[in-house]
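Quick notes on the structure that follows.
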2 protein chains.
Amino acid sequence: MSWSEQAAGRLNEAGFRAGAARRQVIELLEGEHCAVTALEIDSRLPAVGRASVYRTLEQLEQLDLVHRVDVGADVVAFERNDPGEHHHHMVCVRCGRLVPFEDPALERAIHGVGEGAEFEVLSHDVLLRGVCPRCQEKG
Amino acid sequence: MSWSEQAAGRLNEAGFRAGAARRQVIELLEGEHCAVTALEIDSRLPAVGRASVYRTLEQLEQLDLVHRVDVGADVVAFERNDPGEHHHHMVCVRCGRLVPFEDPALERAIHGVGEGAEFEVLSHDVLLRGVCPRCQEKG
DNA sequence: ATCTGTGCAAATAGTTTGCATCCTC
DNA sequence: GAGGATGCAAACTATTTGCACAGAT
């Protein structure tokens, strides 16, 4: 079952009705491997109102079908949650390019922190900032 | 030498002149152990214009005297950079409380990722989201 | 005297909300 | 037919910019 089918099912269970705007946002996210911003989604879906993009993303986030990636002060991107797929991001400080990576050792270390903390840790984000290969060439 | 003295010196070297607004922002940050938002700084310094708060934070960030902590979609906080002191944050999803932590194993793991990557990694952020002890009690 | 730093107000960018209308159930 | 879903426009929040003036060198 694809992510978009799951999403549709979960939304249905949660009592949401089917609508064109949400379906389009979901289809777009289905085709993305990594994070996209709300405004990018909006501009790629001219038939969908901006407010609907934000509303849909909020709903999907609450149902844990999507999660936020905070990239800089301003830019916030969203990507779908695929069970079993868990990655973090490197962002190029020059061109803004976002590159996913995963690292088991890092996950273990984070899990270890959660164990020892008073917090009940629910989720985590890791962001590496640096210069991507392409921008390194440019000097 | 205190952080604020270092900051003053570094700003001077960089060709900045001394001004009242920047001095007050720096003094406020000197007294903070963890991150504060631009708006909080603004409201605690009524004599300083909001624009000056943002300008000062931008300058301090460029001189690596301060760095951003991205906490949620909206909230961005700043804290001073103390050489030798490097910590990350847990944020409570209920009350927004920010709690610093440090973990050598986590740092090693992150360093390891940087080694293997094509990116030239300059800095990193880790954020754990969860429920703080106080909010756990409230149910 | 010069030229930077500052405060104010206006502009901007991203996001949220109000509301009339459309569409699903 | 009732009530949620949607688009539009207005409201809001955080941040940035333009500009005249005060203040540092």
Side-chain angles (χ1 to χ4, degrees), chain A residues 4 7-29 35-63 65-78 91 96 98, chain B residues 4 7-29 35-63 65-78 91 96 98:
Chain A
S4 58
R10 195 94 64 91
L11 284 160
N12 201 327
E13 286 168 33
F16 290 99
R17 293 187 180 175
R22 192 158 46 221
R23 196 193 62 245
Q24 290 183 62
V25 172
I26 290 175
E27 279 172 11
L28 188 154
L29 285 170
V36 253
T37 65
L39 289 176
E40 189 179 344
I41 296 173
D42 178 56
S43 72
R44 282 168 57 185
L45 299 176
V48 175
R50 184 166 298 183
S52 297
V53 172
Y54 284 106
R55 280 189 286 242
T56 298
L57 290 172
E58 192 187 334
Q59 293 158 355
L60 293 176
E61 194 182 17
Q62 279 171 2
L63 294 176
L65 289 160
V66 131
H67 67 105
R68 264 164 220 266
V69 180
D70 292 355
V71 174
D74 286 343
V75 193
V76 179
F78 294 82
V91 63
L98 207 56
Chain B
S4 59
R10 195 95 64 91
L11 285 161
N12 201 326
E13 286 168 33
F16 290 99
R17 294 186 180 175
R22 191 159 46 222
R23 198 193 61 246
Q24 290 182 63
V25 172
I26 290 174
E27 280 171 11
L28 188 153
L29 285 171
V36 253
T37 65
L39 289 176
E40 188 180 344
I41 296 174
D42 178 57
S43 72
R44 282 169 55 184
L45 299 176
V48 176
R50 184 165 300 183
S52 296
V53 172
Y54 284 107
R55 280 189 285 241
T56 297
L57 290 173
E58 191 187 334
Q59 293 158 355
L60 293 176
E61 194 182 17
Q62 279 172 0
L63 294 176
L65 290 160
V66 131
H67 68 104
R68 267 164 219 265
V69 179
D70 292 356
V71 174
D74 286 344
V75 193
V76 179
F78 293 83
V91 63
L98 207 58

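Letters A, B, ... mirror the listed sequences (proteins, then strands); counts begin at 1.
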Open item on the list: Is there a side-chain contact between Arg22(A) and the phosphate of dA5(D), meaning an N or O under 4.0 Å from OP1 or OP2?
Closed with: yes
TODO: Give, for atom CG of Leu63(A) and atom CD of Glu58(A), the distance between the pair rounded to the nearest 0.5 Å.
DONE: 11.0 Å
Open item on the list: Is there a side-chain contact between Leu11(A) and Ile26(A) in this structure, where contact means two heavy atoms from C-beta onward sitting under 4.5 Å apart?
Closed with: yes
Open item on the list: Using OP1 and OP2 only, check whether a side-chain N or O of Tyr54(A) sits under 4.0 Å from dT16(C).
Closed with: no
Open item on the list: Please report the distance, rounded to the nearest Å, between CD in Glu13(B) and C1' in dT25(D).
Closed with: 18 Å
Open item on the list: Using the side-chain heavy atoms of Arg55(B), tell me which of these nucleotides is nearest: dG7(D), dA5(D), dT6(C).
Closed with: dT6(C)
- [ ] Take atom CZ of Arg50(B) and atom P of dT12(C), then tell me their distance rounded to the nearest Å.
- [x] 19 Å
Open item on the list: Just the rounded figure in Å: distance from P of dT17(D) to CG of Leu57(B).
Closed with: 15 Å
- [ ] Choose from dA14(D), dT15(C), dT24(C) the nucleotide whose nearest atom is closest to any side-chain atom of Ala38(A).
- [x] dT15(C)
- [ ] Could you tell me whether the side chain of Arg22(A) and the main chain of Arg17(A) form a donor-acceptor pair under 3.5 Å?
- [x] yes
- [ ] Decide yes or no for Leu29(A) and Leu60(A): does some side-chain heavy atom of the first lie under 4.5 Å from some side-chain heavy atom of the second?
- [x] yes
Open item on the list: What is the distance, to the nearest angstrom, from the CD1 atom on Ile41(A) to the C1' atom on dG14(C)?
Closed with: 14 Å
Task: Under 3.5 Å donor-acceptor pair, Arg23(B) side-chain atoms to dG5(C) base atoms - done: no
Task: Closest-nucleotide ordering on DNA chain D, the 5'-leading residue of Glu58(B) and Arg17(B) - done: Glu58(B)
Task: Whole-Å distance separating the CG atom of Asn12(A) from the P atom of dG4(D) - done: 15 Å
TODO: Find the distance Leu45(B):CG to dG5(C):C1' and express it as a whole number of Å.
DONE: 16 Å
TODO: Report the distance from atom CG of Leu11(A) to atom C1' of dT24(C), rounded to the nearest whole Å.
DONE: 15 Å
Open item on the list: With nearest nucleotide decided by heavy atoms, which residue, Ala51(B) or Phe16(B), maps closer to the 5′ end of DNA chain C?
Closed with: Phe16(B)
